[in-house]
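Single-structure report; data block below.
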Protein chains: 2
Amino acid sequence: MTDSLALDGTGPLHEQIRRAVCAPIISGAWQPGRRVPSEHELMALFGASRMTVNRAMRTLADDGLIVRRRRTGSVVASAAGDRAVMSMGSIRAAVEAGGQVYSYESLARHRARATDDIAGRFKIAAGTPLLNLSWRHLADGRPAALEDYWINLAAIPEAVDEMFDTVPPAEWLATRLPWSKSRYVVTAVNAGAAMAKLLDLEPGIACLKVDRRSWRDGVPATFVTCLYPGTGHALTGEVAPP
Amino acid sequence: MTDSLALDGTGPLHEQIRRAVCAPIISGAWQPGRRVPSEHELMALFGASRMTVNRAMRTLADDGLIVRRRRTGSVVASAAGDRAVMSMGSIRAAVEAGGQVYSYESLARHRARATDDIAGRFKIAAGTPLLNLSWRHLADGRPAALEDYWINLAAIPEAVDEMFDTVPPAEWLATRLPWSKSRYVVTAVNAGAAMAKLLDLEPGIACLKVDRRSWRDGVPATFVTCLYPGTGHALTGEVAPP
DNA sequence: TGCGATTTGTACGTATGTATT
DNA sequence: CAATACATACGTACAAATCGC
C-alpha cells in the first residue's frame, strides 16, 4: 500500500510528491488517523532530498490534510466535513459578474452617537460618535441590495471628512482597513414594509441578511448590515481538495 | 520606510521575517501594488539565508498578501475585500455548540430514478439510479433543520446497502467522500406549508436554504438541500489576517 | 529517573533553472 | 542577449519533542 505511491512526472518534484501522498487521502484509501510514511521513507521511495520531501509534507499539513508530530510521525487528519468555506464577494462584483450594470445611490448620511441598542450590537460604549451611511445598490437600475453602515469615528476619525459621494464606503474602507479582522453572520429575514419598499418587493418576502463587523487594532471599526432579496441573490462557496 | 522593518526576536526566523513584512501590509502602510523588498534585500536586512527569506515570502504569497513575479519582484496584493470565507459546520456541531441536545429522525428513504427536474439540478442523465433520504434534525427535541439527500448510486453504489438507521448520511459519507469537491449555494426562502409544518413554523417565515453538491472523481455524487428556520440559525464566518 | 532513538522543525550554503524585462 | 529575481533542489547540521527502555 505504502509502496503504491507513484510520481506522475509533471511539474516540480515537491508538487509531485505532495500529489502522490495526497491521492490516497482524498480518495479515502487512507482513513483519518492512518500513519503517513515518514520523511525518510519518502526520501528512499522517491529518491528526493529531505528538504524537498519536507516541503511537500509541510504543504499537506498547512492544507490540513495531515497532522505532523515529532517522533510519532504524520497521520491523516480527521475528515474535512466542517472545513467548508464560502467566499463573499462585493456586491459590485456579483452584479457585474452577472453581466448587469452596477450603480448605487446614497439614502442617508448622518452623524450620531451610539444608542444603547447600537452600542450593544457594536460592542462599544454608548455615546461613542458614529457615522451612519445607507446605500441602495442597483443592478440594471433595479434594487439589488440595501447596505447600512455604521462607522466608529473613534476608530476611523478620517471618515468624518469623507462625503462618500464618489466612492462607496466599501471601497473607501478597503484602503484604510486592509486585511482587518471581520466576522460575518448570515440569516434569513422577512422583508418589513420599509425594506420591501426600498427593494421593490412584496412585504414578507424572504431576504438574506448579512451582518459584518470589522475591527482595527482590536477596536470595533465598522458594523454593516446588508440585505438581499431572497430570490435573485445567493451566497456561493466551494470546497475543494487543495 | 523599507528599513523600518524589524524582527521581534520571538519564534522561528522565517516567521519573524514573515511578520515583519506582513505588518505594514495589514496596517495599510504599504498599499496594494507597492513593491516588497526583494529576497536579496531582505537577506541583507535581516542577515538570513535566502532559503529562509524565501520561505517567509512564499508563505505570504500562499496567504494571498503578496504576489510574486520573476524579474519584477513581489508586490502587495490587491485588497482583501472579496476573500471573505465562511466555515459551515455540521448541524450536529452547531446544535451541540449551543449547549443543546442533538437528535435526528428519518423522514423518508427510497430509491428513485432521476426525473428531468432532478437530473437538471444534479447535472446527471435522466434515469440515473438515486437514493433519496430525508431527515429532520432536532435541538432539545425541537425541529432545527430539514435535510434532503440525493445520492447518486452510479457514483456511490455501496450506499444501496446502507440503511442509515444508526449513522446519519453526513457522517457515513464523510468516510467515503473525504475531501471531495463540493459547492454551496445559500439563499433565503419563505417556508411553504409542508416545510412550515415539519419545522413547526408559521407558513411564510423566512428560512435559510443551503444547497450543496459534491462530486467524486468529477462525477456528481450527492445533492443536499438543508433548510433552517431563519430565526434560530445563522451561518457565521470570520476573516482574519493570516 | 535518565538516556538513546526516531521524527519533525529550522536554518544554513550552494547550485541551477526559468520567466521577464 | 544580458541582468534580475524568483523557483526548485540538493546536501548538511543541529534543535526540539517524544516514545520506549
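Residue A:Ser74 places no side-chain N or O under 4.0 Å from the OP1 or OP2 atom of C:dT7. The phosphate of C:dG9 has OP1 or OP2 within less than 4.0 Å of a side-chain N or O from A:Arg68.
Listed for the B:Arg216 side chain is a donor-acceptor partner under 3.5 Å among the backbone atoms of B:Arg176.
In this entry the distance linking CG of A:Leu42 with P of C:dT7 reads 11 Å, nearest Å. Remark: P of D:dA7 and CZ of A:Arg18 are 16 Å apart, rounded to the nearest angstrom. Between B:Glu39 atom CD and D:dT4 atom C1' the separation is 12 Å, expressed in whole Å. Whole-Å rounding puts the B:Leu60 CG to D:dA7 C1' distance at 17 Å. Atom P of nucleotide D:dC6 and atom CE of B:Met43 are separated by 11 Å, given to the nearest angstrom. The separation between A:Asp62 atom CG and C:dT8 atom P is 15 Å, rounded to whole Å.
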Atom pairs under 3.5 Å: protein N/O with N/O of nucleotides 11-14 of chain C:
| from | atom 1 | to | atom 2 | distance (Å) |
| --- | --- | --- | --- | --- |
| C:dA11 | OP1 | B:Leu13 | N | 2.3 |
| C:dA11 | OP2 | B:Leu13 | N | 3.2 |
| C:dA11 | OP2 | B:His14 | N | 3.1 |
| C:dC12 | OP2 | B:Ser49 | N | 3.1 |
| C:dC12 | OP2 | B:Ser49 | OG | 3.0 |
| C:dC12 | OP2 | B:Thr52 | OG1 | 2.4 |

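Position along DNA chain C of the nearest nucleotide to A:Gly73 versus A:Arg58 favours A:Gly73 as the more 5'-ward residue.
The closest side-chain heavy-atom distance from B:Thr236 to A:Arg183 is below 4.5 Å.
Each of B:Leu65, B:Leu42, B:Asp62 was evaluated against B:Met57; a single residue qualifies, B:Leu42, per the side chain to side chain contact (heavy atoms under 4.5 Å, CB included) test.
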In B/S/- notation (B base, S sugar-phosphate only, - none; protein heavy atoms under 4.0 Å), nucleotides 16-21 of chain D written 5' to 3' is BBBB--
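Residue pairs that meet the salt bridge (charged side-chain N to carboxylate O under 4.0 Å, His left out) test with at least one member in residues 166-175 of chain B, sequence neighbours left out, are B:Arg92-B:Glu171. The list of salt bridge (charged side-chain N to carboxylate O under 4.0 Å, His left out) pairs with a residue in residues 64-73 of chain A, not counting sequence neighbours, reads A:Glu39-A:Arg68.
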Report all side-chain donor-acceptor pairs from residues 162-170 of chain A shorter than 3.5 Å, counting only partners two or more places apart or in another chain.
| from | atom 1 | to | atom 2 | distance (Å) |
| --- | --- | --- | --- | --- |
| A:Glu162 | OE1 | A:Trp172 | NE1 | 3.2 |
| A:Glu162 | OE2 | A:Phe164 | N | 3.2 |

Distance-only check: which donor-acceptor pairs under 3.5 Å involve side-chain atoms of residues 218-227 of chain A, not counting sequence neighbours?
| from | atom 1 | to | atom 2 | distance (Å) |
| --- | --- | --- | --- | --- |
| A:Thr222 | OG1 | A:Ser214 | OG | 2.5 |
| A:Thr225 | OG1 | A:Asp211 | OD1 | 2.7 |

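A donor-acceptor contact closer than 3.5 angstrom links the side chains of A:Trp150 and A:Asp148. In this model, no donor atom of one side chain and acceptor atom of the other lie less than 3.5 Å apart for B:Trp215 and B:Asp217.
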